[in-house]
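Numbering starts at 1 and runs along the sequence shown. Whatever order the structure lists them in is the order used to number ligands and atoms, beginning at 1.
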Amino acid sequence: MKHVSIIGGTGSIGTQTLDVISANPDRFQLVSFAFGKNVQVALPWLNRLRPDLVAVLDETVKSELEAVLDYTPTILVGEAGLIAVATAEAADIVITAVVGAVGLRPTLAAIEAGKTIGLANKETLVTAGHLVMKKAREKGVMILPVDSEHAAIFQCLNGERRQDVRQIILTASGGSFRDQTREELANVTVEQALDHPNWSMGAKITIDSATMMNKGFEVIEAHWLFDVTYDEIDVVIHRESIIHSMVEFNDGAVMAQLGMPDMREPIQYALTYPSRLEIQGGERLNLKQIGRLNFAEASFERYPLLRLAFEAGRAGGSMPSVLNAANEQAVDRFLKGEISFLEIEASVEAALQAHENVEDPSLEQILTADRWARAFVASLSLAN
Ligand SMILES: NC(=O)c1ccc[n+]([C@@H]2O[C@H](COP(=O)([O-])OP(=O)(O)OC[C@H]3O[C@@H](n4cnc5c(N)ncnc54)[C@H](OP(=O)(O)O)[C@@H]3O)[C@@H](O)[C@H]2O)c1
């Protein structure tokens, strides 16, 4: 029996993790659970799986939840609640499924407490990869990637030696606007941006996929998880999302991991690693039906946020934190209708240009850079 804690349990990754847990009650037990404010989604899962510890955004959500729950777990609020859930004594593994840099402190606390991490919350590694990986090494904690690309690379690297790796090739679907030219992006709407061709995901990552910021974040995530330089990472557009990513070795061999676009697969693998378990439901890969797979260049001209991610990653220091926080703020503004789609990248680029890099930042310096970048982007008045 593996005891599981989830932070961000009501989102796309969170609910798919709950699917995997509830499909295998003899193997997994949910011991603690954190979410923001979506009581409606949380309620049936909580009543069914009955974790002892629950955390929510604030006192209002707590009262709302208490009024409708069938049982009486301990309910905590705010960041302290997230941290308590992530460090729950009974938990063996924490699935980090919150969106954004809000995951940073709970993830660090979980590592400090010796928990295995199933990492979906990539913003944590983008904003503070050096601190997270250092702490994981110190504590001997495994960080198992849940992101499908990184789960693929992790599997391709199974049993291989680091010195034999030539490069990591991340595949990218191209997002909602992969068939549009840059000129056509000027007037796209929020609804169009939220319509991802292959994956059903939370709003923020869907927008990040359309701008290619998501792939840029994954480049930085791969740098930290697999100890590769930015020169050893390539990105290729693969519109079918069947090859989840690849590793090329020095002898010319390329290993790829394939599967249907179904996040339950990497989530389940993180939960069962190093063994595997029959997946319940879902479609199996049938290459004869798919027929052909396509590949194309992910150009920096078409996707400037991919270029900026490589640049911020190479610059290091507090630049990736600014990249992440500026993007979070800009995506929030886009979703609220305050700025246009192309102004997301303009905002992020402006923040990176205005920021004075801090080398080897401490947690406090990262949080300061994060706050600065959010305020900077919030106050930008763009011409549209
Ligand atoms: N979705 C995917 O297929 C996918 C694939 C790979 C990686 N990822 C990564 O996984 C993470 C989650 O993505 P998602 O698509 O599942 O996001 P999502 O659907 O938007 O869910 C986000 C979750 O975080 C919770 N949350 C947000 N702010 C919070 C706060 N301040 N305190 C407590 N909980 C908070 C939300 O709670 P409420 O909704 O209840 O407020 C929700 O449970 C992201 O980092 C994303 O990049 C996602």
Side-chain angles (χ1 to χ4, degrees), residues 5-20 32-43 45-46 54-62 64-65 75-86 94-107 117-127 144-153 170-173 175 194 196-218 220-222 225 241 244-245 260-267 269-270 324 327-328 331-332 335:
S5 164
I6 308 177
I7 58 168
T10 47
S12 163
I13 293 292
T15 50
Q16 292 180 87
T17 307
L18 291 165
D19 273 340
V20 172
S32 58
F33 183 87
F35 67 101
K37 42 190 175 195
N38 199 336
V39 171
Q40 227 182 341
V41 168
L43 186 64
W45 289 111
L46 289 173
V54 177
V56 296
L57 189 66
D58 56 26
E59 292 292 340
T60 312
V61 183
K62 179 179 171 180
E64 204 188 318
L65 182 65
I75 306 180
L76 303 174
V77 300
E79 190 175 57
L82 274 174
I83 291 174
V85 164
V94 181
I95 302 294
T96 65
V98 284
V99 60
V102 67
L104 176 56
R105 278 213 262 230
T107 305
I117 306 291
L119 187 125
N121 175 229
K122 64 190 85 183
E123 293 91 344
T124 279
L125 272 192
V126 171
T127 198
L144 298 166
V146 166
D147 223 347
S148 59
E149 293 77 359
H150 303 76
I153 295 160
L170 290 168
T171 52
S173 70
L194 285 175
H196 195 286
N198 300 353
W199 300 92
S200 163
M201 308 182 286
K204 191 223 169 219
I205 185 176
T206 305
I207 303 300
D208 286 348
S209 299
T211 61
M212 207 57 103
M213 183 76 278
N214 181 52
K215 209 50 56 180
F217 287 164
E218 290 177 5
I220 299 174
E221 188 183 4
L225 283 176
S241 299
H244 296 317
S245 277
M260 294 304 287
D262 180 347
M263 285 308 295
R264 290 173 318 140
E265 240 181 69
I267 291 168
Y269 188 60
N324 177 66
N327 180 66
E328 280 192 37
V331 171
D332 188 54
L335 288 170

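Under the 4.0 angstrom criterion for non-hydrogen atoms, K204 is not in contact with ligand 1. Ligand 1 lies out of reach of A34, whose nearest heavy atom is not under 4.0 Å from it.
Within ligand 1, the atoms closer than 4.0 Å to a non-hydrogen atom of A120 are 7 (C), 8 (N), 9 (C), 10 (O), 45 (O), numbered from 1 in the order shown. Residue-ligand proximity, G9 to ligand 1, at heavy-atom distances under 4.0 Å covers atoms 43 (O). Of all the atoms in ligand 1, the ones that sit under 4.0 Å from a non-hydrogen atom of L57 are 30 (C), 31 (N), 32 (N). Ligand 1 places these atoms under 4.0 Å from at least one heavy atom of N121: 45 (O).
No donor-acceptor pair under 3.5 Å is formed between the side chain of K204 and the backbone N or O of D332. Between the side chain of T206 and the main chain of L194, no donor-acceptor pair closer than 3.5 Å is present.
The N/O atoms of V102, backbone and side chain alike, include none that comes under 3.5 Å of an N/O atom in ligand 1. Residue E123 places at least one N or O, backbone or side chain, under 3.5 Å from an N or O of ligand 1. At under 3.5 Å, a nitrogen or oxygen of S12, whether backbone or side chain, sits near a nitrogen or oxygen of ligand 1. Checked by distance only, ligand 1 and T10 come closer than 3.5 Å through their nitrogen or oxygen atoms. Backbone and side-chain nitrogen or oxygen atoms of A203 are examined, and none is located within less than 3.5 angstrom of a nitrogen or oxygen of ligand 1. At least one N or O atom of N38 sits closer than 3.5 Å to an N or O atom of ligand 1. Considering backbone and side-chain atoms alike, S200 places every N or O at 3.5 Å or more from each N or O of ligand 1. On a distance-only criterion, G36 and ligand 1 share at least one N/O pair closer than 3.5 Å. On a distance-only criterion, G11 and ligand 1 share at least one N/O pair closer than 3.5 Å. Ligand 1 has a nitrogen or oxygen under 3.5 angstrom from a nitrogen or oxygen of G8.
Residues L119 and V146 form no side-chain contact, since every pair of their non-hydrogen atoms from C-beta on lies 4.5 Å or further apart. Contact check for N327 versus F217: side-chain heavy atoms found under the 4.5 Å cut-off.
Atom 20 (O) of ligand 1 has as its closest protein heavy atom G202 CA, 3.8 Å. Scanning the protein heavy atoms around atom 47 (O) of ligand 1, the nearest turns out to be K122 CE, 3.2 Å. Considering only non-hydrogen protein atoms, atom 8 (N) of ligand 1 sits nearest to I205 CD1, 3.6 Å. Given atom 33 (C) of ligand 1, the protein heavy atom at minimum distance is F35 O, 3.5 Å. When hydrogens are left out, the protein atom nearest atom 12 (C) of ligand 1 is A97 O, 3.3 Å; that is the closest non-hydrogen contact. The closest protein non-hydrogen atom to atom 5 (C) of ligand 1 is M263 CE, 3.6 Å. Looking from atom 27 (C) of ligand 1 to the surrounding protein, the closest heavy atom is V99 CG1, 4.1 Å. Counting protein heavy atoms only, atom 7 (C) of ligand 1 is closest to D147 OD1, 3.2 Å.
The shortest non-hydrogen separation linking I95 to I13 is CG2-CG2, 4.5 Å. When every heavy atom of L144 is checked against every heavy atom of A270, the shortest pair comes out as CD1-O, 3.4 Å. Minimum heavy-atom separation, S200 to S12: O-OG, 3.4 Å. Looking at every heavy atom in both residues, P106 comes nearest to L82 through CG-CB, 3.8 Å. Taking each heavy atom of N121 and G103 in turn, the nearest pair found is OD1-CA, 3.3 Å.
Of the heavy atoms in K37, both backbone and side-chain atoms come closer than 4.0 Å to ligand 1.
Nearest to atom 4 (C) of ligand 1 by heavy atom, out of V61, I13, V85, is I13. For atom 44 (C) of ligand 1, the nearest non-hydrogen atom from the set V98, L119, L82, D208 comes from V98.
Checked by atom type, the side-chain pair Q40/N38 shows no donor-acceptor distance below 3.5 Å.
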Worked verdict on K122 versus E149 for salt bridge (Lys or Arg N to Asp or Glu O under 4.0 Å): CA-CA 12 Å; K122 64 190 85 183; E149 293 77 359; 5.5 Å; no
